[in-house]
Amino acid sequence: MGRLALFTAGLLVSTAATAHPVSKEELFDPPEHATQFIIVSETNTHGSEWRWTTDNGAEAFRKSQSLRGWITETDALVELGPDGKIHGLEIRGVTPSGDAAETLVSEDGRLRWDSGADQGEGDDGFYLPRGGPEAIFGLLAEHVFPTGAVDLLPTGKATSRMGPSVEIEDEDGNITAQLMFIDGLSTNPTPVWLDQEGRHLATINWMGLMREGYEEHFMTLKAVQEEAAAAATEAIAARFLTEEARAPIIFDNVILFDAVAGVFVPDRAVAVEGGKIVAIAEAGGIAPRNGVRVIDGTGKSLVPGLWDAHKHFSNGYDLLANVATGMTSIRSPGNGTAELVTFGAAQREGKIVAPEIFGTPIIDQKHPLSAQGADLVSSEEEAIAAVRKAHENGLWGVKFYTSMNPEWIAPAAEEAHRLGLNVLGHVPATMRPSEAVKAGYDEVTHLNFIMMEALPQSVVDISNTAARFEGPAQYAKDVGLDGEVMTAFFDLLKERGTWVDPTIMIFEGSFTYTDPQLAPAYQPYAGTLPAVFERQLNQGGYPLFGGVTREDMQKSYQKMLDLIGKLDDEGIKMVAGTDGYGLELVREIEIYEIAGLTKEEALRTATLYPAMLVGIDDRTGSITVGKEADMVLVDGDVSQDLGALRRVVTVVSDGYVMDGDELRAAAGFSGMPK
């Protein structure tokens with residue numbers, strides 16, 4: 001590891017690496033004059049961060065967060081150079097991913113860092129850490145606000161552009177909130193709010209970091225931020241969703257995936273006109289009329305448009321990136337109602353380049369561990385009212401969460417079914433998944449909740465905490481998939497026609513890795529993502545706990561793979577979802593093959609089966625004459641390598657033909673993944 005940095009009393013001192021994370025008791029105690037930030041969601045507060053300047057002129061930070069049972073306790077000390085850039089940094093503490101330790105030192109005119117995932121050095125540039133208190137990001141925002149741009153370490157450049165400003169009247173002081181977007185940090189522009197003095201006021205993503213006293217303005221600023229992002233993405237849409245892009249076209253000489261038959265067919269031709277698939281024939285068998293464009297698909301595969309069946313989105317840029325990776329439809333089990341309605345309408349009206357969105361709000365009980373961004377209820381009547389609200393807003397279903405009162409599930413699910421809504425979700429604490437299915441679940445999300453059927457009651461009772469990860473990590477290895485408990489559960493799933501959304505990709509890294517690294521889901525994208533974002537994707541495994549070893553977790557992960565194979569053997573339908581950025585979708589499909597599914601069956605989980613689950617397989621989900629033209633042309637033979645699905649050449653969504661390279665460039669990627 002080399003020499004690391006430790007800040008004491010604002011002075012940078014060299015020391016050896018510590019063997020264990022710094023405990024909460026050893027972290028900084030914020031002084032009374034510190035600026036406090038509140039960590040908020042649409043429904044809850046989840047902790048605080050503090051920022052202050054030490055007597056020695058360093059910037060100090062402290063974070064304390066509890067998010068549904070996962071605890072983060074970190075601090076940081078930052079030394080700014082005369083140029084306003086970070087010349088020294090030490091982050092300490094513990095996150096749900098383990099030790100937060102991260103350092104940067106200035107030695108002999110060089111900046112040297114150890115992020116815990118990568119080490120490097122450079123002459124100049126702004127270092128944005130991999131982790132630590134989020135308020136550190138305010139230092140970068142305050143630096144680029146007057147300068148407009150700064151080089152980053154290890155590579156890249158951050159550039160700023162102004163959004164709208166908002167006048168806030170508040171008893172803590174009237175303030176002008178200025179929105180700024182920073183490009184170059186991620187595939188999406190990064191929004192941040194500053195006050196009239198150029199000081200960090202708020203950072204709003206899926207949750208918000210709001211300066212104390214102004215947290216009640218979270219939803220106001222969030223709405224302005226989303227509207228500003230939408231305006232920018234509408235300009236992008238105008239480039240892609242044109243009359244010319246929807247002109248008739250023929251894909252010839254392709255390897256076609258017939259999702260209905262579940263087979264790959266070589267040497268095929270497919271014609272599209274008016275947004276529909278109008279003909280399928282042998283290669284060369286469709287004669288082009290005058291002016292009809294023909295794309296030669298030699299060496300390429302044509303598959304139905306991909307679905308991410310578990311995709312929470314943040315804004316129009318996020319949705320654009322999903323299209324760039326081959327998605328023409330997504331199911332969002334948990335975005336807020338307003339977002340689902342707004343972005344769904346924008347997609348249908350052609351204002352944004354986005355997959356078609358099928359959304360469900362989260363419904364959870366008012367509880368210290370309730371879901372962020374949920375519709376919170378405190379009675380059976382309120383639960384039923386929340387279901388009716390989802391129907392009134394034209395949503396596809398409802399998702400119940402882990403702190404929901406189990407007694408309210410059955411009556412709320414009955415009302416949902418009466419209204420034609422699907423019922424899905426996490427399984428509430430104290431409830432086993434079989435009980436949730438009997439109460440009305442049409443689908444169970446996340447494979448750990450399927451495994452919960454055979455776990456100890458002590459785990460089930462607190463599954464609205466970290467136990468929903470730690471229980472399967474500890475006990476899944478010992479579950480008998482052919483035993484009485486699981487056999488009865490499989491029979492119930494088959495009897496009820498219940499679906500499963502595994503999101504197994506989450507557990508691949510969490511249970512099997514030790515040191516931070518790029519997961520297989522992200523490795524093909526290495527070098528095509530902004531360096532800061534790529535560094536942040538380097539994650540280690542779930543921290544060891546209670547005598548559980550990494551070998552135990554690896555065995556439990558293997559049993560979860562066995563469970564996927566068993567579900568397939570039993571004829572229980574699964575849909576591929578990521579619960580991530582969407583970049584992980586192809587890896588999710590690849591893991592299904594590792595678990596024992598054929599390539600064809602694995603690919604169906606991200607094409608035909610989600611369309612069946614949503615109830616629109618009569619119009620999409622397969623390349624069939626008469627259906628909507630939702631297709632992806634990829635470089636390579638998917639029948640031999642599912643990884644070829646990442647190499648998107650052309651996306652056809654509702655008949656709009658879009659170039660893969662142009663989509664990736666618009667979405668912030670620098671090239672095609674490997």
Within the 4.5 Å heavy-atom criterion, are [X] and [Y] side-chain neighbours or not?
X: I295; Y: I249; answer: yes
X: I39; Y: E134; answer: no
X: L395; Y: T360; answer: no
X: F137; Y: L209; answer: no
X: L663; Y: L320; answer: yes
X: V532; Y: S186; answer: no
X: H426; Y: K399; answer: yes
X: T187; Y: P530; answer: yes

salt_bridge([X], [Y]) N-O dist < 4.0 Å:
X: K351; Y: E234; value: no
X: R331; Y: D501; value: yes
X: D124; Y: K85; value: yes
X: E588; Y: K311; value: no
X: E244; Y: R293; value: no

Is it the case that the side chain of [X] and the backbone of [Y] share a donor-acceptor pair, with hydrogens and angles ignored and the cut-off at 3.5 Å?
X: D630; Y: D654; answer: yes
X: T620; Y: D617; answer: no
X: Y401; Y: Q372; answer: no
X: E49; Y: A135; answer: yes
X: S160; Y: V144; answer: yes
X: S64; Y: S48; answer: no
X: S670; Y: T528; answer: yes
X: R51; Y: F37; answer: no
X: R646; Y: P673; answer: no

Can you tell me if S370 and N44 form a side-chain donor-acceptor pair at under 3.5 Å?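 Side chains of S370 and N44: pair found under 3.5 Å.
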Given F61 and K63, is the side-chain contact (heavy atoms from CB on, under 4.5 Å) satisfied, shown in steps? CA-CA 7 Å; F61 300 85; K63 178 174 184 174; over 6 Å; no
Can T445 and T503 be said to form a side-chain contact (heavy atoms from CB on, under 4.5 Å), step by step? CA-CA 8 Å; T445 59; T503 63; over 6 Å; no
Among residues at least two apart in sequence or on other chains, which ones pass ring pair (Phe, Tyr, Trp, His ring centres under 6.0 Å) with H312?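 Here the qualifying residues are H310.
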Only one of L139, L80, V78 clears side-chain contact (heavy atoms from CB on, under 4.5 Å) with L89; which?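 That would be V78; it is the only one of L139, L80, V78 passing the side-chain contact (heavy atoms from CB on, under 4.5 Å) with L89.
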With respect to L645, which candidate in V632, D635, T325, V586 satisfies the side-chain contact (heavy atoms from CB on, under 4.5 Å) definition?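 With L645 as partner, V632, D635, T325, V586 yield a single side-chain contact (heavy atoms from CB on, under 4.5 Å), made by V586.
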Would you indicate whether E227, at its atom CD, is surrounded by more than 12 heavy atoms from other residues, nucleotides or ligands within a distance under 6.0 Å?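 Count not over threshold, so no.
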Answer yes or no: are there more than 12 heavy-atom neighbours, outside Y581 itself, under 6.0 Å from its atom OH?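 No, OH of Y581 has 12 or fewer neighbouring heavy atoms, counting only those of other groups under 6.0 Å.
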To the nearest 0.5 Å, what is the distance between [atom1] ([X]) and [atom2] ([Y])?
X: T337; Y: K389; atom1: OG1; atom2: NZ; value: 4.5 Å
X: L241; Y: R246; atom1: CG; atom2: CZ; value: 10.0 Å
X: E356; Y: T328; atom1: CD; atom2: OG1; value: 8.5 Å

Let's go through W193 and Q225 carefully: what are the C-alpha distance in whole Å and the side-chain angles of both, what is the deciding distance for side-chain hydrogen bond (donor to acceptor under 3.5 Å, both in side chains) to 0.1 Å, and is it a yes or a no? CA-CA 9 Å; W193 290 88; Q225 178 177 301; 3.0 Å; yes
Taking it one step at a time, do N315 and T233 satisfy side-chain contact (heavy atoms from CB on, under 4.5 Å)? CA-CA 9 Å; N315 54 40; T233 52; 5.9 Å; no
Classify the ring geometry between F669 and Y525 as parallel (under 30°), tilted (30 to 60°) or perpendicular (over 60°).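 Aromatic pair F669/Y525 classed tilted.
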Where does the angle between the aromatic ring planes of F343 and F313 fall among parallel (under 30°), tilted (30 to 60°) and perpendicular (over 60°)?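 Aromatic pair F343/F313 classed perpendicular.
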For N538 and D118, what are the C-alpha separation, side-chain angles and deciding distance, and is it a side-chain contact (heavy atoms from CB on, under 4.5 Å)? CA-CA 8 Å; N538 281 271; D118 70 321; 5.8 Å; no
